[in-house]
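Reading through the structure tokens given below for one structure.
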Protein chains: 2
Amino acid sequence: MSTVTIKDIARALNISTSTVSRALRGSYEINQETKELVLEYAERLNYRPNPIALSLKENRSRAIGVIVPQIANYFFSQAINGIEAIAYNRGYHVIIFQSQESYEREAANMQQAMDRKVDGLLISLSSETSDVSHLRALQEQGLPIVQFDRVSHELDTTRIVADNFGGAFAATEHLIKAGRQRIAHLTIPPWLSITKERLAGYRAALEQYGLPYDEALVRYGSFGQDETGPMVDELLALPTPPDAFFTASDRLALGCLASLHQRHIAIPDDVSLIGFTNLNAADLLNPALSTVVQPAQEIGQVAVERLIELIEKKQKAAPPSTVKIPTRLIVRESTRSVVHS
Amino acid sequence: MSTVTIKDIARALNISTSTVSRALRGSYEINQETKELVLEYAERLNYRPNPIALSLKENRSRAIGVIVPQIANYFFSQAINGIEAIAYNRGYHVIIFQSQESYEREAANMQQAMDRKVDGLLISLSSETSDVSHLRALQEQGLPIVQFDRVSHELDTTRIVADNFGGAFAATEHLIKAGRQRIAHLTIPPWLSITKERLAGYRAALEQYGLPYDEALVRYGSFGQDETGPMVDELLALPTPPDAFFTASDRLALGCLASLHQRHIAIPDDVSLIGFTNLNAADLLNPALSTVVQPAQEIGQVAVERLIELIEKKQKAAPPSTVKIPTRLIVRESTRSVVHS
DNA sequence: TTTATTACCGCAAACGTTGCCGGGAACGAT
DNA sequence: ATCGTTCCCGGCAACGTTTGCGGTAATAAA
């Protein structure tokens, strides 16, 4: 009802809509007096330009779409905070989509985003996504895209990721230095970029310290229900069971911790545990959990900065590149070194 | 570029846009053959109606706005999941706004939501918000609004909340039955509805069991940085310090736990601790944390259902009412009863 | 054969905004 | 007196879609 339009102002002031429009954006070809008249009246009626009309006309929305697997995840919600902070400063609105780790929903989200005419897209792939042709299609249509965290290398975009290799290397090295020899790696679907990088870091550390790489110690989970129980059981049933667990996600770390508790395995006495997580309560767990933390907020910030750069200098923006943000190793009780008697 | 419009179809098929429009929505006054022709062609070109044009024309968006203090919070992100699940089924898009616990940002969010012509608003108030006149203004302009979780009783809308009184009563009662006598209550800003209700539940339980209510045992925090340290110190310095802590939020529970750890206070031996939280790792904390859990997802679902009802049956919808969703008490190690020698 | 009915379809306006084009008034220069 | 400028403003189209109204042709009823 009460939304006041440019027409209302024009009618009330007995001038044309074009004049009002120009006055509002301070065009030089409008009389100073008229401008002030319009500005004042618009202010008084609390006029707000209709962004929908604008979008329709200009075929853009001053909004960027963010597609993440889920927001009920500390990493992603932190990343979104980083994104929003920057985006709002630069005059962009942020529209959040959750793929819920489903390829189908992800594709639908992208369609939605396109329908809503987002000016650019920030995406972290769902765990189901291995085919990125739909993304490539959008990109070829000229939509600026930046990938972050879970990225695909089959898509030539700017990518912002944590230093997964370095983080995994540091975690593994830390375990080795604490005297562990059989380090299990519980990780996420193998086709994800972050999985490969973390696995590579893990292997590199083993190699550097002369430990063998044993495929039997590496287990891949999904993001679905808790599957850590069986995984832990299998690992413990090995001829020479692991003396340390290095997990690649929040959920796996918590699941692993719970499973070990249930089986009355003492941490860090029997086995050591370290996660690649963004849990904000890691130091309050039982035992306090050593982790490799990723600077989620910073990743979001850098990603959106690059995206906006892409949107605004469309033609001559910096070429796609991959930015690695350093991770940080935090050592806590769960990886305390134990004197073997 | 490639977005295909109704005009393109019309031109290609040599018919008018009106015919295409009507064919697409299956109007009875279009020849069956023509319909099929249009449908098939539209399908082939992957035609998608432009929601922006629709919004402009119909002055609505088939979107509902959700304003929450922050999404980096398990309760709210779960609630949003509940909201989205229902909303999408009913053909509504969800736009998420974060007030970041700031009154100003909340107001800006509301303005944004209005500008974007949301069909309805779901809101959980920021902790800074005590004046709701801006919300009332929107409501009086005919915007359907449903409040959830942190609600104001100065605004006559449907409200969906957890049974805060019951939950707090149960938690307090549980502590008392476990032998605690001096129960401190660390809570959030006093003007929030949930604060009052929880405090009331706490008092009611004390009263029922004949324990005195001591104001010195009740401390109010904000949602800002961790202030639990000083609060805990003050409480412990009391002539007769508390033997139990009942906290009203995730953050307070964790902060309290950390503070107690730092001060080498044993839980539950020295003091007992129970939270009103939605932490998904509560059972993995040290010690496992007893909590009153709120069914966040269900709250979101019920809220959005009511909102959609309001949107669609605008005139004769059910009158505003307050719906209480039951909470659940989960007893864990942190409130184990200790035999006093 | 005329009239009424039916089945189909196109025109144009509208939603709010911007930008191109054009045009009138006032003024200075020739 | 004519021309060129400058300053200010309005008309109109367009973005994609829906919808009321009108219109044509064919068919059925009289």
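Convention: sequence-line order gives letters A, B, ...; per-chain numbering from 1.
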Using nucleotides 24-27 of chain C, report all nitrogen or oxygen pairs with the protein that are shorter than 3.5 Å.
none

>> Name the residue from Arg306(A), Arg60(A), Arg90(A) that meets the salt bridge (charged side-chain N to carboxylate O under 4.0 Å, His left out) definition with Glu312(A).
In response: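 So, applying the salt bridge (charged side-chain N to carboxylate O under 4.0 Å, His left out) to Glu312(A) and each of Arg306(A), Arg60(A), Arg90(A), only Arg90(A) qualifies.
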
>> Once rounded to the nearest 0.5 Å, what's the spacing between atom CG of Leu192(B) and atom OG of Ser127(B)?
In response: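 The distance works out to 6.5 Å.
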
Using whole Å, what does the distance between atom [atom2] of nucleotide [N] and atom [atom1] of [X] come to?
X	N	atom1	atom2	answer
Ile6(A)	dG19(C)	CD1	C1'	12 Å
Leu54(A)	dG19(C)	CG	C1'	13 Å
Asp8(A)	dC15(C)	CG	P	10 Å
Arg25(A)	dT18(C)	CZ	C1'	8 Å
Leu24(A)	dG19(C)	CG	C1'	15 Å

If we ignore angles and hydrogens, is there a donor and acceptor under 3.5 Å between the side chains of [X] and [Y]?
X	Y	value
Ser18(A)	Ser21(A)	no
Arg159(B)	Thr322(B)	yes
Ser102(A)	Ser99(A)	no

>> Tell me if the CD atom of Glu29(A) is crowded by more than 12 foreign heavy atoms within 6.0 Å.
In response: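 Enclosed: over 12 neighbouring heavy atoms sit under 6.0 Å from CD of Glu29(A).
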
> Take atom CD in Glu58(A); do more than 12 heavy atoms of anything else shown fall under 6.0 Å from it?
Replying inline: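 Counting neighbours around CD of Glu58(A), more than 12 heavy atoms of other residues, nucleotides or ligands fall under 6.0 Å, so yes.
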
> If the sugar-phosphate is the primed atoms plus P, OP1 and OP2 and the base is the rest, what is the B/S/- string for nucleotides 7-13 of chain C, using protein heavy atoms under 4.0 Å?
Replying inline: -BBBBB-

Determine all donor-acceptor pairs shorter than 3.5 Å in which one atom belongs to a side chain in residues 71-85 of chain A; sequence neighbours excluded.
residue  : atom : partner   : partner atom : Å
Asn73(A) : OD1  : Phe75(A)  : N            : 2.9
Asn73(A) : OD1  : Phe76(A)  : N            : 3.3
Ser77(A) : OG   : Asn73(A)  : O            : 3.1
Ser77(A) : OG   : Tyr74(A)  : O            : 3.3
Gln78(A) : NE2  : Gln297(A) : OE1          : 3.4
Asn81(A) : OD1  : Gln98(B)  : NE2          : 3.0
Glu84(A) : OE1  : Gln98(B)  : NE2          : 3.1

>> Counting the atoms with a prime plus P, OP1 and OP2 as sugar-phosphate, which does Thr5(A) contact under 4.0 Å by heavy atoms, base, sugar-phosphate, or nothing?
In response: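 Since only primed, P, OP1 and OP2 atoms lie under 4.0 Å of Thr5(A), the category is sugar-phosphate.
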
>> Going by salt bridge (charged side-chain N to carboxylate O under 4.0 Å, His left out), name the residues that satisfy it together with Arg150(B), two or more places apart in sequence or in a different chain.
In response: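 Counting only residues at least two positions away or on another chain, Arg150(B) forms a salt bridge (charged side-chain N to carboxylate O under 4.0 Å, His left out) with Glu101(B).
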
>> I'd like to check the ring-ring contact (aromatic ring centres under 6.0 Å, His included) partners of His153(B); sequence neighbours left out, ordered by chain and number.
In response: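 Per chain and number, His153(B) pairs via ring-ring contact (aromatic ring centres under 6.0 Å, His included) with no residue.
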
> Can you pull the contact range of chain B along DNA chain D, 5' to 3', using atoms under 4.0 angstrom from its heavy atoms?
Replying inline: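 Using the under 4.0 Å cut-off, the span is dC15(D) to dG20(D).
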
> With a 4.5 Å heavy-atom cut-off, do Glu106(A) and Ile123(A) have their side chains touching?
Replying inline: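 Side chain of Glu106(A) against side chain of Ile123(A), heavy atoms only: contact under 4.5 Å found.
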
